[in-house]
Amino acid sequence: MEVVIQPTAEALAPLAADAVEHLLAARPDAVLGLATGSSPLAVYDELVRRHQAGRISFARARAFMLDEYVGLPADHPERYRNVIDRDFAARVDFAPGAVRGPDGSAADLRAACADYEAAIAAAGGVDLQILGIGTDGHIAFNEPGSSLASRTRIKTLTAQTRRDNARFFGGDPGAVPRHCLTQGLATIMSARHLVLLAAGTSKAEAVHHLVEGAVSAMWPATIMQHHPHATVLLDDAAASRLQLAGYFRQVYEAKPDWQRL
Ligand code: F6R
């Protein structure tokens with residue numbers, strides 16, 4: 001796991017965007033994994049800027065979202081499919097149908113999960129997965145206690161996550177759906193490169209466990225310690241509980257330019 005610590009949250013997005021730009025330069029038909037939530041927003045803005053500047057095209061790329069609420073109407077502004085269109089997909093040149101998410105309004109949710117796993121496999125798997133982390137250590141919506149071997153399935157959101165996400169639902173945790181469909185931890189681990197962004201002190205405890213804790217379903221993101229190519233991008237605040245912060249800074253300062261993330 002490579003841990004990169006920057007003084008500000010603003011410094012993180014260009015690093016993640018660089019990784020996406022290099023990937024698409026090498027493989028224009030790459031498969032991206034997209035998170036929703038606040039953490040990747042600046043990355044998407046940076047990718048849009050680079051697209052508008054003619055540096056990146058998504059015309060041959062495909063993308064898979066991490067998760068979706070169950071039961072939100074198709075036109076609900078917080079349905080993740082709509083959020084990702086608004087924040088990113090509709091602002092660049094993805095081909096129609098190239099961005100997919102789990103179908104949280106399917107009549108048969110279990111079949112929708114199986115279909116989603118099959119679609120990711122048929123696309124050849126995800127090349128680069130962008131991730132955020134919940135204050136309780138979730139990635140996608142794999143809440144504490146999730147099987148480390150899990151695949152896309154239905155999950156119940158914790159009260160903590162519903163409180164954290166209430167800001168998108170008029171401040172009312174009760175308005176946040178109880179259930180979601182989410183890629184499992186094993187699904188995420190199948191992606192070839194994981195790039196997680198975290199900023200702010202509210203993420204410091206989860207980041208401490210992610211990087212320095214024991215691998216455990218209690219802190220689901222810790223499974224990333226087993227990934228051969230995981231990059232964790234942190235601002236100083238999110239890194240504030242890391243015992244090895246000084247060492248991670250030294251490593252990054254000494255990193256050869258050619259190595260990239
Ligand atoms: C959303 C997702 C979640 C978020 C996490 C952090 O697709 O997968 O795991 O990444 O809840 O959310 P933010 O970035 O809003 O703090």
Side-chain angles (χ1 to χ4, degrees), residues 1 31-37 39-40 63-72 80-81 100-165 176-198 203 205-232:
M1 180 179 283
V31 179
L32 301 174
L34 304 177
T36 42
S39 304
F64 289 91
M65 297 169 56
L66 280 175
D67 40 19
E68 182 60 272
Y69 293 115
V70 167
L72 290 184
Y80 276 174
R81 192 64 190 73
R100 295 189 54 172
D103 183 359
S105 47
D108 185 341
L109 292 170
R110 291 175 71 176
C113 293
D115 288 351
Y116 197 59
E117 284 283 331
I120 295 172
V126 170
D127 291 301
L128 188 155
Q129 175 65 58
I130 296 171
L131 294 165
I133 185 169
T135 56
D136 62 3
H138 70 230
I139 49 174
F141 276 141
N142 294 282
E143 298 284 30
S146 290
S147 162
L148 301 179
S150 49
R151 291 275 165 188
T152 303
R153 69 214 184 290
I154 303 162
K155 287 292 287 183
T156 304
L157 297 175
T158 61
Q160 175 69 51
T161 298
R162 294 176 80 214
R163 274 196 300 275
D164 287 346
N165 287 7
V176 180
R178 273 182 192 281
H179 297 106
C180 63
L181 302 186
T182 180
Q183 287 191 27
L185 293 168
T187 319
I188 294 167
M189 288 290 286
S190 302
R192 287 179 272 283
H193 184 192
L194 304 181
V195 179
L196 182 144
L197 297 104
K203 301 293 175 75
E205 185 184 16
V207 165
H208 162 64
H209 286 279
L210 159 67
V211 177
E212 298 177 338
V215 175
S216 160
M218 282 304 289
W219 290 92
T222 57
I223 189 68
M224 287 175 59
Q225 293 177 25
H226 283 293
H227 197 284
H229 191 185
T231 306
V232 176

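Here the structure is a predicted model, which means the values were calculated and not measured.
- Asp103 places no side-chain N or O within 3.5 Å of a backbone atom of Ala112 that could act as its donor or acceptor partner.
- For the residue pair Thr158/Thr161, the side-chain donor-acceptor check at 3.5 Å is satisfied.
- Considering NE2 of His227 and CE of Met189, their distance stands at 5.5 Å, rounded to 0.5 Å.
- Side chain of Gln225 to backbone of Leu210: a donor-acceptor contact under 3.5 angstrom is found.
- With rounding to the nearest 0.5 Å, the separation of CD in Glu212 from OG1 in Thr222 is 13.0 Å.
- The ring pair (Phe, Tyr, Trp, His ring centres under 6.0 Å) pairs that include a residue from residues 114-137 are Phe64-Tyr116, where partners are two or more places apart or lie in different chains.
- Put simply, CZ on Arg151 and CD1 on Ile120 are 8.5 Å apart, with the number rounded to the nearest 0.5 Å.
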Notebook entry, point to check: Could you walk me through whether Lys203 and Ile133 pass the side chain to side chain contact (heavy atoms under 4.5 Å, CB included) check?
Noted result: CA-CA 7 Å; Lys203 301 293 175 75; Ile133 185 169; 4.1 Å; yes
Next item on the list: Let me see the working for Leu131 and Leu197 under side chain to side chain contact (heavy atoms under 4.5 Å, CB included), right down to the final yes or no.
Entry: CA-CA 6 Å; Leu131 294 165; Leu197 297 104; over 6 Å; no
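- Here Gln183 contributes atom CD and Gln129 contributes atom CD; the two are 5.5 Å apart, rounded to the nearest 0.5 Å.
- Counting all heavy atoms, side chain and backbone alike, Glu68 lies closest to Tyr80 at OE1-N, 2.8 Å.
- Of all non-hydrogen atoms in Val126 and Leu32, the two that sit nearest each other are CG1-C, 4.0 Å.
- Evaluated for a side chain to side chain donor-acceptor pair (under 3.5 Å) with His138, the options Asn142, Thr135, Asp136 yield exactly one hit, Asp136.
- When all heavy atoms are compared, the tightest approach of Pro40 to Ala35 is CG-O, 3.5 Å.
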Check: Which is it for Met224 and Met1 under the side chain to side chain contact (heavy atoms under 4.5 Å, CB included) test, yes or no, and what are the steps along the way?
Finding: CA-CA 8 Å; Met224 287 175 59; Met1 180 179 283; 3.8 Å; yes
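- A donor-acceptor pair shorter than 3.5 Å can be found between the side chains of Ser146 and Lys155.
- The nearest pair of heavy atoms linking Glu143 to Thr156 is CG-O, 3.9 Å.
- Summarising the geometry of Leu185 relative to Ser150, their closest heavy-atom pair is N-OG, 2.9 Å, with the distance given to 0.1 Å.
- Judged by distance alone, with hydrogens and angles left aside, the side-chain atoms of Arg178 form no donor-acceptor pair with the main-chain N or O of Arg162 at under 3.5 Å.
- In this structure, Leu157 and His179 have side chains that are not in contact, with every pair of non-hydrogen atoms separated by 4.5 Å or more.
- Within the 4.5 Å cutoff, side-chain heavy atoms of Ile188 are placed close to those of Leu66.
- Across all non-hydrogen atoms, the minimal contact from Ile154 to Cys113 is N-SG, 4.2 Å.
- Annotation: side chain of Thr231 is not in contact with side chain of Leu194 (no heavy-atom distance under 4.5 Å).
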Item checked: side chain to side chain contact (heavy atoms under 4.5 Å, CB included) between Tyr69 and Asn165, worked out -> CA-CA 11 Å; Tyr69 293 115; Asn165 287 7; 3.0 Å; yes
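- A donor-acceptor contact shorter than 3.5 Å links the side chain of Thr182 to the backbone of Phe141.
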